[in-house]
Participant: 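Encoded as structure tokens, here's the structure I'll be asking about.
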Amino acid sequence: MNSISLVCFLLWTGVSSFEFEELTQYVKSHEDEFIETLRKWVAVESDSSDVAKRPDLHRMMDMTAEKLRLIGGTVQMIDVGTQAFPNGSTIALPKVVTAQFGSDPSKHTVCVYGHVDVQPAKKEDGWATEPYELTDIDGNLYGRGASDNKAPVLAWIHTVEVYKALNISLPVNVKFIIEGMEETGSNGLDDMIEAQKDKFFSDVDYIIISDCVWLSKRPALTYGTRGNCYFFAQVEGPKKDLHSGVYGGTVIEPMTDLIGILDKLISPSGEILIPGIREAVAHLSDEEWKMYQDIEFDMESYKKDIGMDKLMYSNKVDLLAHRWRHPTVSIHGIEGAFSSTGTKTVIPAKVIAKFSIRQVPKMDPATVEKQVTEYLRSVFAKRKSPNKLNVSMVIGAKPWLADPTHPLFEAGKAAVKRVFDTEPDLIREGGTIPIARTFQDVIGKSIIMLPIGGFDDGLHSQNEKISRYNYIEGTKLFIAYLNEVSQIKKY
Ligand SMILES: *[C@@H]1O[C@H](CO)[C@@H](O)[C@H](O)[C@H]1NC(C)=O
Ligand SMILES: *[C@@H]1O[C@H](CO)[C@@H](O)[C@H](O)[C@H]1NC(C)=O
Ligand SMILES: *[C@@H]1O[C@H](CO)[C@@H](O)[C@H](O)[C@H]1NC(C)=O
Ligand SMILES: [Zn+2]
């Protein structure tokens, strides 16, 4: 390269490649230190679902704040109130940690969201290692919360740390919002975001969430998540449970009614039977079809992973489309049913079915609630049963969808190219990350999900892990990403 084209190259890449080399070299030489920090974080049993672990969770938030302070951030711990239990008692919620690095108005400001609480884990659940002792086996770092979401949060913190350590100014202003109740529904966070809208968030241009995983060995950018409408359907009949020998054949049983109406939710081939639901789904465009076709995804290992020979769809595009961009109905359980082993001969007087609909854009939860309630009522009415049906929606989390050609995503593609020398898969999540939609609705800023976790990290399950490779290369990806974002034109 001659000197003129070198100058052009440097202008084009924005940051000199020398700095990128220097920054990533630092990551490489501090790999063990970064893993030690992850070990300390994983050792804290910050299980947000277990009240007995609440002191650990508070300690985890303190550690997060301390780490951010140590690298020079302006840190706040924001009180988000208390959690109330059905028995009337209350307990303090973990504080939300916010931090700020830089406030140069000529630069973009990104806000990184993450969480440091974890799902429950016990060795006897089937872990091969102690869940809270980070264990390196063949380059995989096993431990609860390793991938969801402690390593990604640390990778972001280390990104800032590396810039600071090398005295290279951050290409964008960086803010953090780290919570400790994600795994139990982000209690208190929506209100906090609303209250901070014109304060902490006033200068934020973009939100980055790294709380998801790749689809294969190839890096990915995530541009959509499904929502979740969760329902209870209760059928109530006799005033008490009855003996099937004594009363069977004389009463119209609530369980029979309930199963009858549940069977009308979805056909054996996966067709949702509730009027209005399928009609709301956007048509799969040719472009989308092409995108899905290009995604690296192995049907056989997917089948093997879940232990099924046959799936609802036999080709990749249909399968991915139904995982991400079509709604689905799942029936989770029936409360009040006789559920232990044995042969009890009871007729339950009252049964409550739990089912949910993962919904997609253009499906508003309030509309879904109305559609489901009216439909189940009409199906139930046809049975002419004397029993009482009560349907209620208990969760209505909205889906989120971004434009995968937005500059934030173009920046992601460039960063992936630089670090991994490949194009990322553009993917959606079948699950729900309600906070994305809150950020979109309340702050009104663009969001990207930039995962670094591996497809086989086993979030929420036994033997959760993140690989050393994903953790360390992921840190480099974030370093490259900040540079790319700084290149986005200011409007
Ligand atoms: C109320 O419920 C919570 C959560 O299950 C429990 O930790 C607490 O001890 C209970 N309080 C009383 C007074 O029973
Ligand atoms: C860091 O860089 C700034 C200029 O960007 C310089 O003024 C300062 O002296 C540097 N500090 C150290 C410790 O190298
Ligand atoms: C219906 O169920 C909901 C919650 O499941 C409950 O709050 C409501 O009181 C019930 N209504 C009737 C009429 O039973
Ligand atoms: Zn998570």
Side-chain angles (χ1 to χ4, degrees), residues 15-16 18-19 22-23 26 38 41-42 46-58 60-61 64 71-72 82-94 96 101-102 104 106-107 112-121 143-156 160-171 176-187 189 207-214 222 225-226 228 397 400 429-439 447 449-455 457-461 464-466 470-471 474:
V15 63
S16 75
F18 170 68
E19 274 182 5
E22 197 181 339
L23 290 158
Y26 187 95
L38 179 60
W41 279 33
V42 165
S46 51
D47 173 357
S48 54
S49 67
D50 184 352
V51 182
K53 302 277 168 64
R54 193 53 56 93
D56 296 280
L57 188 50
H58 289 306
M60 190 67 237
M61 303 321 293
T64 307
I71 58 168
T82 56
Q83 184 179 4
F85 296 105
N87 64 14
S89 74
T90 59
I91 184 172
L93 285 167
V96 173
F101 297 87
D104 182 343
S106 70
K107 293 177 181 173
V112 174
Y113 160 85
H115 66 91
V116 289
D117 61 315
V118 300
Q119 285 277 319
R144 171 55 89 220
S147 185
D148 183 13
N149 184 221
K150 288 176 175 175
V153 168
L154 276 174
W156 272 114
V160 173
E161 185 177 340
V162 171
Y163 274 98
K164 294 262 171 191
L166 294 171
N167 196 27
I168 297 173
S169 70
L170 280 163
F176 283 88
I177 171 168
I178 310 292
E179 68 154 321
M181 287 301 284
E182 196 275 344
E183 302 294 1
T184 30
S186 294
N187 315 36
L189 193 64
I207 310 267
I208 307 170
I209 301 176
S210 301
D211 190 18
C212 42
V213 294
W214 299 349
T222 309
T225 58
R226 290 195 290 193
N228 195 13
W400 165 75
E429 273 278 333
T432 309
I433 306 182
I435 203 64
R437 185 58 180 257
T438 304
F439 282 129
I447 302 157
M449 291 196 190
L450 185 60
I452 59 168
F455 71 99
D457 279 1
L459 313 189
H460 296 201
S461 63
E464 178 182 346
K465 58 92 180 159
I466 189 163
N470 282 54
Y471 182 36

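For ligands, and for the atoms within them, numbers begin at 1 and follow the listed sequence. All heavy atoms count here, side chains included; hydrogens, waters and symmetry mates do not.
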Participant: Distance check below 2.8 Å: does D211 bring an N, O or S atom to the Zn ion (ligand 4)?
Facilitator: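 Checking the Zn ion (ligand 4) against D211, an N, O or S atom does fall under 2.8 Å.
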Participant: Taking the side chain as C-beta and beyond, is there a heavy-atom pair between T438 and L189 under 4.5 Å?
Facilitator: no
Participant: What distance do K150 atom NZ and T64 atom OG1 have between them, rounded to the nearest 0.5 Å?
Facilitator: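 Here the interatomic distance stands at 8.0 Å.
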Participant: Report the distance from atom NZ of K164 to atom OG of S169, rounding to the nearest 0.5 Å.
Facilitator: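 The distance works out to 9.5 Å.
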Participant: Which protein non-hydrogen atom lies closest to atom 11 (N) of ligand 1, naming both residue and atom, and how far is it?
Facilitator: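 Answer, as residue, atom name and distance: N87 ND2, 3.0 Å.
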Participant: What residue and heavy atom of the protein are closest to atom 6 (C) of ligand 2, and at what distance?
Facilitator: N167 ND2, 4.1 Å
Participant: Could you tell me the separation between the OG atom of S49 and the CZ atom of R54, rounded to the nearest 0.5 Å?
Facilitator: 9.0 Å
Participant: Decide yes or no for E182 and S48: does some side-chain heavy atom of the first lie under 4.5 Å from some side-chain heavy atom of the second?
Facilitator: no
Participant: Identify which one of I209, D117, D211 satisfies the side chain to side chain contact (heavy atoms under 4.5 Å, CB included) criterion when paired with N149.
Facilitator: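 Of I209, D117, D211, side chain to side chain contact (heavy atoms under 4.5 Å, CB included) with N149 is met by D211 alone.
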Participant: Could any protein non-hydrogen atom be found less than 4.0 Å from atom 13 (C) of ligand 1?
Facilitator: no
Participant: So which heavy atom in the protein is nearest atom 7 (O) of ligand 1, and how far is it from that ligand atom?
Facilitator: V51 CG1, 4.1 Å
Participant: Is the Zn ion (ligand 4) less than 2.8 Å from an N/O/S atom of C212, whether that atom is in the backbone or a side chain?
Facilitator: no
Participant: Distance below 4.0 Å between atom 9 (O) of ligand 2 and any protein heavy atom?
Facilitator: no
Participant: Quick one: CG on L166 to CD on E161, what's the gap to the nearest 0.5 Å?
Facilitator: 10.5 Å
Participant: To check your reading of the model: name the closest protein heavy atom to atom 5 (O) of ligand 1, its residue, and the distance in Å.
Facilitator: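 Protein heavy atom at minimum distance: F85 CD2, 4.5 Å.
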Participant: Within D148, is some N, O or S atom less than 2.8 Å away from the Zn ion (ligand 4)?
Facilitator: yes
Participant: Flag atom 2 (O) of ligand 2 as yes if some protein heavy-atom distance to it falls below 4.0 Å, otherwise no.
Facilitator: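 There is a protein heavy atom less than 4.0 Å from atom 2 (O) of ligand 2.
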